[in-house]
Amino acid sequence: MWRGLWTLVARAARGPRRPCARQGSGARAPGSGATIFALSSGQGRCGIAVIRTSGPASGHALRSLTAPRELPRARSASLRLLTDPRSGEPLDRALVLWFPGPHSFTGEDCAEFHVHGGPAVVSGVLQALGRVPGLRPAEAGEFTRRAFAHGKLSLTEVEGLADLIHAETEAQRRQALRQLDGELGQLCSGWAETLTKALAHVEAYIDFGEDDNLEEGILEQADSQVRELEVALDTHLRDARRGQRLRSGAHVVVTGPPNAGKSSLVNLLSRKPVSIVSPEPGTTRDVLETPVDLAGFPALLSDTAGLREGQGPVEQEGVRRARERLEQADLILAVLDASDLASPSSCNFLDTVVTPAIARSPNGNSQRLLLVLNKSDLLPPGGPDLSPELPPHLLLSCLTGAGLDGLLEALRKELAAVCGDPSTGPPLLTRARHQHHLQACLDALGHYRRATDVALAAEALRVARGHLARLHGGGGTEEILDIIFRDFCVGK
């Protein structure tokens with residue numbers, strides 16, 4: 001229904017429609033003079049729906065639909081009767097707000113209509129706006145793109161806004177808010193300022209190298225600044241994968257011998273019946289994946305076939321895929337039957353999977369592993385009689401839920417190490433674009449250090465500074481901007 005409604009609104013919009021500059025563009029070029037409008041709240045029946053406009057005709061649109069006709073006080077809500085500008089038919093009684101530019105989200109004149117959220121009301125207001133001269137429906141991300149074009153948001157803040165809209169976990173929300181607040185942009189601006197000072201020193205040496213009045217050690221100062229910046233960039237680049245995991249989700253693989261309770265654990269953590277649970281060994285033959293919120297962090301949880309010598313070609317393929325997925329995991333949940341630790345399958349799993357992973361754990365870039373002893377409800381009442389040689393582990397009963405809180409807390413700590421804790425530390429690099437520009441900047445600084453000519457060294461600093469500028473403030477091609485804005489919904 002909403003798609004058909006939007007088609008009617010687009011047809012009702014007056015004035016010629018200029019084609020997009022290129023196929024698939026997420027937004028028109030700012031400054032076209034058009035005033036855009038869109039439903040900015042969620043689609044469907046709701047108590048209140050928000051419709052907003054942006055552009056030079058926003059004031060005229062607000063006057064055309066409201067009675068009385070004068071504009072309300074800036075940034076103050078006013079109760080107005082909305083009427084159709086052609087027929088004068090009442091549409092709704094709504095709150096309206098007026099945001100004169102440049103003090104608005106987009107930097108242009110903006111208006112908002114807070115109407116009742118029934119489909120008929122929303123449809124009537126949208127069609128009425130489409131009949132106002134100079135107005136047209138907005139495209140996806142066009143409000144935010146105008147805010148970027150008018151300097152209201154930097155490119156990293158735009159990305160933070162997009163991440164905040166799509167955030168599904170607490171950690172993603174925290175990280176997106178930090179980026180929207182400009183923390184990553186401020187960090188890049190600080191780096192750019194360091195490069196500007198170093199470049200000024202090098203160019204001063206080029207221009208006044210023979211002048212006795214030039215400060216001594218000016219090139220040494222530039223070298224020192226560049227070395228400090230290289231260390232900072234290298235630290236962030238080595239940490240870049242954590243930010244991307246936080247945005248897209250860490251890969252958590254549940255593995256173990258058959259009948260250890262892997263599928264039960266997946267169902268428990270995902271709070272839904274993702275996997276079939278059966279006492280028959282080898283029930284899971286393929287890798288089953290589900291996105292979950294684990295202790296506030298996003299994760300892609302994978303249930304895998306029990307690791308043993310396959311009994312047939314299908315199970316053998318399942319075991320092969322399970323081992324392949326283990327190599328790709330960021331975090332391994334190794335599950336054993338607490339009542340059957342002496343069995344050959346459990347001992348073999350400890351020797352081939354758990355022990356090697358724990359031995360590699362001191363390396364910060366290696367996989368992380370949590371050993372979970374399931375079926376603790378089957379242990380003797382007097383307490384578990386476990387081998388002292390057993391690696392650090394967590395006791396759990398998927399049947400009763402005992403030990404689940406301890407497992408979730410351990411998962412929170414492990415995922416904070418894998419994804420980075422958005423509450424502390426420097427801002428994370430959440431996109432491949434960030435990593436690309438920082439790596440290019442670091443490479444340019446390497447050219448600076450190896451340069452045998454002062455002019456070439458200065459050029460290397462200019463290149464490095466340019467990459468930081470493109471990371472924070474754009475300056476790239478229209479295609480790059482289209483990619484960034486295309487994931488926004490219409491009305492944002």
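Starting from 1, each residue takes its place in the sequence as its number.
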Rounded to the nearest 0.5 angstrom, the CG-OG distance for L395 and S376 is 5.5 Å
Please round to the nearest 0.5 Å and tell me the distance separating atom CG of D377 and atom OG of S339. 8.5 Å
Rounded to the nearest 0.5 Å, the CD atom of E112 sits from the OG atom of S41 at a distance of 10.0 Å
Atom NE2 of H236 and atom CG of L428: how far apart are they, to the nearest 0.5 Å? 7.5 Å
Of all heavy-atom pairs linking T304 and T255, the shortest is OG1-CA, 3.7 Å
Look at the side chain of S104 and the backbone N and O of G101, then say whether any donor-acceptor pair between them is shorter than 3.5 Å. no
Look only at the side chain of E142 and the backbone of E139, and say whether a donor-acceptor pair between them is shorter than 3.5 Å. yes
Is a donor from one side chain sitting under 3.5 angstrom from an acceptor on the other, for S54 and E108? yes
Verdict with reasoning, Q172 to H166, per side chain to side chain donor-acceptor pair (under 3.5 Å): CA-CA 9 Å; Q172 288 175 321; H166 293 98; over 6 Å; no
I332 and L370: side-chain contact (heavy atoms from CB on, under 4.5 Å), yes or no, with the steps? CA-CA 6 Å; I332 298 172; L370 282 176; over 6 Å; no
More than 12 non-hydrogen atoms from neighbouring residues, nucleotides or ligands closer than 6.0 Å to CD on E409, yes or no? yes
Output, in order, the C-alpha distance, side-chain angles, deciding distance and verdict of side-chain contact (heavy atoms from CB on, under 4.5 Å) for D337 and N374. CA-CA 5 Å; D337 184 342; N374 187 31; over 6 Å; no
Going by the side chain to side chain contact (heavy atoms under 4.5 Å, CB included) test, name the single residue among T53, V50, V122, L126 that passes it with F113. T53
R245 and D330 ion-paired at < 4.0 Å: yes
Using atom types as modelled and distance alone, determine if a side-chain donor or acceptor of S346 lies under 3.5 Å from a backbone N or O of A342. no
Could you tell me if D340 and S343 have a donor-acceptor pair between their side chains, going purely by distance under 3.5 Å? yes
In sequence, state the C-alpha distance, the side-chain angles, and the governing distance for H150 and T106, and then conclude on side chain to side chain donor-acceptor pair (under 3.5 Å). CA-CA 7 Å; H150 290 99; T106 63; 5.7 Å; no
Does any non-hydrogen side-chain atom of L429 lie less than 4.5 Å from one of L184? yes
Does a side-chain heavy-atom distance below 4.5 Å link E168 with D293? no
Nearest heavy-atom contact between P422 and A171 is CG-O, 3.4 Å
Kindly indicate, with the supporting measurements, whether the criterion salt bridge (Lys or Arg N to Asp or Glu O under 4.0 Å) is fulfilled by D163 and R173. CA-CA 8 Å; D163 290 344; R173 172 181 55 80; over 6 Å; no
Without swapping roles, check the side chain of S123 against the backbone of P119 for a donor-acceptor pair under 3.5 Å. no
Does NE2 in H114 sit with more than 12 non-hydrogen atoms of other residues, nucleotides or ligands closer than 6.0 Å? yes
Taking only Lys NZ, Arg NE, NH1 and NH2, and the carboxylate oxygens of Asp or Glu, determine whether K262 and D303 approach each other closer than 4.0 Å. no
Test item: K152 side-chain N/O and P102 main-chain N/O as donor-acceptor pair under 3.5 Å: yes
So do Q179 and E183 actually touch side chain to side chain, heavy atoms under 4.5 Å? no
I want to check something: taking the side chain as every heavy atom from C-beta on, are L269 and V292 in contact at a cut-off of under 4.5 Å? no
pair T196-R465: side-chain heavy atoms closer than 4.5 Å: yes
Before accepting this row, confirm whether a basic side-chain N of the pair R433/E159 lies closer than 4.0 Å to the acidic partner's carboxylate O. yes
Under the side-chain contact (heavy atoms from CB on, under 4.5 Å) criterion, do T194 and V226 qualify, and how do the steps go? CA-CA 8 Å; T194 299; V226 168; over 6 Å; no
Kindly give the heavy-atom pair with the smallest separation between T156 and H434, and that separation in Å. CG2-NE2, 4.4 Å
Evaluate the criterion side-chain contact (heavy atoms from CB on, under 4.5 Å) for residue pair F297 and T169; output intermediate values, then yes/no. CA-CA 6 Å; F297 287 86; T169 69; 5.5 Å; no
Gap between atom SG of C110 and atom CZ of F99 - 0.5 Å precision: 8.0 Å
Considering all heavy atoms, the nearest L195-C441 contact: CD1-SG, 4.2 Å
Give me the atom names and distance for the closest heavy-atom approach of L155 to R470. CD2-O, 4.1 Å
Cation-pi, F143 ring and R52 (6.0 angstrom, 45 degrees): yes
Heavy-atom check, side chain of E230 versus side chain of R449, under 4.5 Å: yes
Taking side chain as C-beta onward, heavy atoms only, is E414 less than 4.5 Å from L369? no
Mind checking whether L390 and L350 have side chains closer than 4.5 Å, heavy atoms only? yes
Working to the nearest 0.5 Å, report the span between CG of L229 and CZ of R227. 12.0 Å
Here the pair of heavy atoms bringing L373 nearest to A338 is CB-CB, 3.9 Å
Say whether, by atom type as modelled, one donor and one acceptor occur between the side chain of Q435 and the main chain of A432 under 3.5 angstrom. no
Parallel, tilted or perpendicular: which fits the ring planes of H437 and H467, with parallel below 30° and perpendicular above 60°? tilted
